[in-house]
Every structure is written in C-alpha cells, then in structure tokens.
Amino acid sequence: MNSPLRITSRDNPLLVRVRKLARGASVRRLGAAESEMWLEGEHLCAALKLRGWQATQALVSESAWLQPRVREVVEGVLRVAVIPDALFAGLSALESPAGIGFLCPVPSPLAMRPEASSVVLDRLQDPGNVGSILRTAAAMGFTQVLAMRGTVALWSPKVLRAGMGAHFGLMLYEGLQPADLDVLKVPMLGTSLQAQAMLHSSALPSPCAWVFGHEGRGVDPGMLARCALQVRIAQPGGEESLNVAAAAAVCLYESCRQALAGR
C-alpha cells in the first residue's frame, strides 16, 4: 500500500466535501448522471469491498490507522488520507465516530428486471425503516427495490447505515412514477387492514413484488389497485397496525418460506 496522504486542516476541500455528504440528506451530484456517497464505519466499508465494489477515496483517523484490521479494509483503495481523530469526529455524523470511511460513486441503475423478486417502496419517509426493509429484502432473496417518488433517498447516509451493507447486493431504483411499474411481469402484492385474505393462509406467488407504503397513510389506493392480491397480517394481540419495517419482514419471510417449501 502506498503511504497515505496526511491532512491536518479542517478546511481541506476533501474534508469539506465529506462533511457535507455525512450530514446531508442525499448524495453529492458530480454531474448530469454521476453522484457519490459517503460510507462510514468498518462494517459498511468491508461490506462494499466484499461485494466487489470499488471506493475512490478512504479517510481514516490516526488512531484507527494503527489497527491492522482497519488497514486491511483500506487495502486496495487507491487514495487514502489519514487525519487527526478530532478532525474525523468533526466530519462524522455518528455519536461515536467509526474512524474509517469511504467515498465511492453511486451506481447508475441498469434496466429494470421485469421478472425479478421485488420490493416497491411507496413514499416511505423514515430512513431506519427503509434501511431495515432493504436488509430484509436482501436476506429473503428479493433482489430489486423500486422506490416511488416521495420515498427517502436510498443512498442517504442514514439509510446506508440502517441498511448495513444490503445496498451492495440489491438493484435499486429511485424517483419512480406508477407508470414505471408497468414493465413488471410479476404479480404485485400489498397489505391492507381492510383485506379479507390473511397472509398466513394465502398462497403467495413467487416471484412477486411486495408493496409497502407510507408510515402514516399506508399504500396509495392507486398502488393497491395494481395488486393482484391484498392480505392482512394476523395480529391476535389487538394492535391496530405494525410498523412498516416489521410488516415487511413478516411478509417477505412468508414469501421466502412458501417458496422454499414449494421446492
């Protein structure tokens, strides 16, 4: 590994750039079709490398640079900068700065795959919910996530942290309109408190596209009308509704369970 660049000024352009990304709501636009994101933490950086993605820049605090496992994560990144711990804490959005972060380009999405097992996010606002759903989707074999316009930015720092690396194993699409879903060749499924069919007793098609809606208002009626099946999750405890990330976990697991049982 080449000797890292040493940075000691908080006004260094690289640190200014990272500070904006770390505290911003979205990625930094580089041009008409290019943008970049900031990943902070050893787990996220290692997950990116594990999936074969390439970081363009690594930033490491002086204390973290002394740790062999951190230098191992940084191995292979062409540009590495080491900065004082206080400077890293100043650019970090975390209560406990992780000491390592990557800058890398946001991938340009390929053409949507009509027959892929998919998750549709309909105007979800909470980054923690969205990141959790991405993790569940990746774990349950759903490979494509379609975020409708009005959904929180999938590549924002908070969603990236909540996703814990799931982003790097998924095909992600943002800013979609309902008409963009016309290319899907798999049936769409949705949840509704008014649905007659119960999730646990319904035969779920596979592959399919599950639709999960806004935390307060649920799935848009027009989007529900596109669904070949609407189901309700049994809640014998009597709660009015589940958190959307919890509901997504239940639905995606049931899809996975039925698909595995069918094999």
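Keep in mind the model is a prediction, meaning the values are calculated, not measured.
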Asker: Just by modelled atom types, is the Trp65 backbone N or O under 3.5 Å from a matching donor or acceptor in the Arg71 side chain?
Answerer: yes
Asker: Given the rule in the side chain to side chain contact (heavy atoms under 4.5 Å, CB included) test, do Val80 and Leu59 qualify, once you have shown the distances and angles that lead to the verdict?
Answerer: CA-CA 6 Å; Val80 180; Leu59 268 174; over 6 Å; no
Asker: Check whether any side-chain heavy atom of Gln57 sits under 4.5 Å from a side-chain heavy atom of Leu78, and report yes or no.
Answerer: no
Asker: Okay, side chain of Gln144, backbone of Arg113: is any donor-acceptor separation there less than 3.5 Å?
Answerer: yes
Asker: Quick check on the hydrophobic clustering: are Leu39 and Leu94 connected, directly or via other members, by side-chain heavy-atom contacts under 4.5 Å?
Answerer: no
Asker: Could you walk me through whether Leu5 and Val82 pass the side chain to side chain contact (heavy atoms under 4.5 Å, CB included) test, one step at a time?
Answerer: CA-CA 6 Å; Leu5 174 69; Val82 174; over 6 Å; no
Asker: Kindly say whether Ala116 contributes a backbone atom to a donor-acceptor pair with the side chain of Ser118 at under 3.5 angstrom?
Answerer: yes
Asker: Is there a side-chain contact between Leu103 and Met37, using heavy atoms and a 4.5 Å cut-off?
Answerer: no
Asker: Apply side chain to side chain contact (heavy atoms under 4.5 Å, CB included) to the pair Leu21 and Val18, showing each step before the final yes or no.
Answerer: CA-CA 5 Å; Leu21 276 171; Val18 170; 5.5 Å; no
Asker: Grab the two heavy atoms, one from Thr191 and one from Leu224, that are nearest each other, plus how far apart they are.
Answerer: O-CD2, 4.0 Å
Asker: Mind listing the closest non-hydrogen atom pair of Arg149 and Arg123 along with its distance?
Answerer: O-CG, 3.6 Å
Asker: Strictly below 4.0 Å, N to O, side chains only: are Glu254 and Arg257 in salt-bridge contact?
Answerer: yes
Asker: Output yes when Glu40 and Arg161 qualify as a salt bridge under the 4.0 Å nitrogen-oxygen rule, no when they do not.
Answerer: no
Asker: Quick check against the 3.5 Å criterion: does Asp122 have a side-chain atom that pairs as donor or acceptor with the backbone of Asp220?
Answerer: yes
Asker: How close do Cys104 and Ala55 get, heavy atom to heavy atom, and via which atoms?
Answerer: CB-CA, 3.8 Å
Asker: Are any of the side-chain heavy atoms of Met148 and Pro178 separated by less than 4.5 Å?
Answerer: yes
Asker: Can you hop from Ile233 to Met140 via hydrophobic side chains spaced under 4.5 Å?
Answerer: yes
Asker: Inspect the contact between Asp11 and Arg19 and indicate whether a charged nitrogen and a carboxylate oxygen are less than 4.0 angstrom apart.
Answerer: no
Asker: Hydrophobic clustering (ILVMFWY, side-chain heavy atoms < 4.5 Å, transitive) - are Val120 and Leu229 grouped together?
Answerer: no
Asker: More than 12 non-hydrogen atoms from neighbouring residues, nucleotides or ligands closer than 6.0 Å to CZ on Arg6, yes or no?
Answerer: yes
Asker: May I ask you to decide if Leu110's main-chain N or O and Tyr173's side chain share a donor-acceptor pair within less than 3.5 Å?
Answerer: yes
Asker: Judged by atom type as modelled, is there a donor-acceptor pair below 3.5 Å linking the side chain of Asn12 to the main-chain atoms of Ser9?
Answerer: no
Asker: Tell me whether Lys49 contacts the main-chain N or O of Val73 through its side chain, where contact means a donor paired with an acceptor under 3.5 Å.
Answerer: yes
Asker: Answer yes or no: is there a donor N or O on one side and an acceptor on the other, between the side chain of Ser156 and the main chain of Ala153, under 3.5 Å?
Answerer: yes
Asker: State, yes or no, whether a side-chain contact exists between Val119 and Leu252 at a heavy-atom distance under 4.5 Å.
Answerer: yes
Asker: Find out whether Pro157 and Trp38 are in side-chain contact, i.e. whether some heavy atom of one side chain is under 4.5 Å from a heavy atom of the other.
Answerer: no
Asker: Take Val145 and Met171 through the side chain to side chain contact (heavy atoms under 4.5 Å, CB included) test and state the conclusion after the steps.
Answerer: CA-CA 6 Å; Val145 176; Met171 296 293 293; over 6 Å; no
Asker: Return yes if some donor-acceptor pair links the side-chain N/O of Glu215 with the main-chain N/O of Gln125 below 3.5 Å, else return no.
Answerer: yes
Asker: Drop me the distance from Ser132's OG to Asp126's CG, to the nearest 0.5 angstrom.
Answerer: 9.5 Å
Asker: Under a 4.5 Å side-chain heavy-atom rule over Ile, Leu, Val, Met, Phe, Trp and Tyr, are Leu172 and Val106 clustered together?
Answerer: yes
Asker: Can you give each donor-acceptor pair under 3.5 Å made by side-chain atoms of residues 195-207, sequence neighbours left out, with the distance rounded to 0.1 Å?
Answerer:
{"unit_1": "Ser201", "atom_1": "OG", "unit_2": "Met198", "atom_2": "O", "d": "3.4"}
{"unit_1": "Ser202", "atom_1": "OG", "unit_2": "Met198", "atom_2": "O", "d": "2.6"}

Asker: Report the residues that fulfil ring-ring contact (aromatic ring centres under 6.0 Å, His included) with Phe168, sequence neighbours left out, ordered by chain and then residue number.
Answerer: Trp53
Asker: Is there side-chain contact between Leu154 and Leu121, with heavy atoms separated by less than 4.5 Å?
Answerer: yes
Asker: According to a hydrophobic-cluster definition based on side-chain heavy atoms being under 4.5 Å apart (Ile, Leu, Val, Met, Phe, Trp, Tyr only), do Met112 and Leu189 belong together?
Answerer: no
Asker: Please check this pair: side chain of Ser117 against backbone of Thr143, looking for a donor-acceptor N/O pair closer than 3.5 Å.
Answerer: no
Asker: Between Cys208 and Val186, which heavy-atom pair has the shortest distance, and what is it?
Answerer: C-CG2, 3.8 Å
Asker: Write down the atom of Ala166, the atom of Leu134, and the distance for their closest heavy-atom approach.
Answerer: CB-O, 3.6 Å
Asker: Do Thr151 and Glu174 make a side-chain contact, defined as non-hydrogen atoms from C-beta onward lying under 4.5 Å apart?
Answerer: no
Asker: Heavy atoms only: give me the nearest Val211-Met188 pair and the separation to one decimal.
Answerer: CG2-CE, 3.5 Å
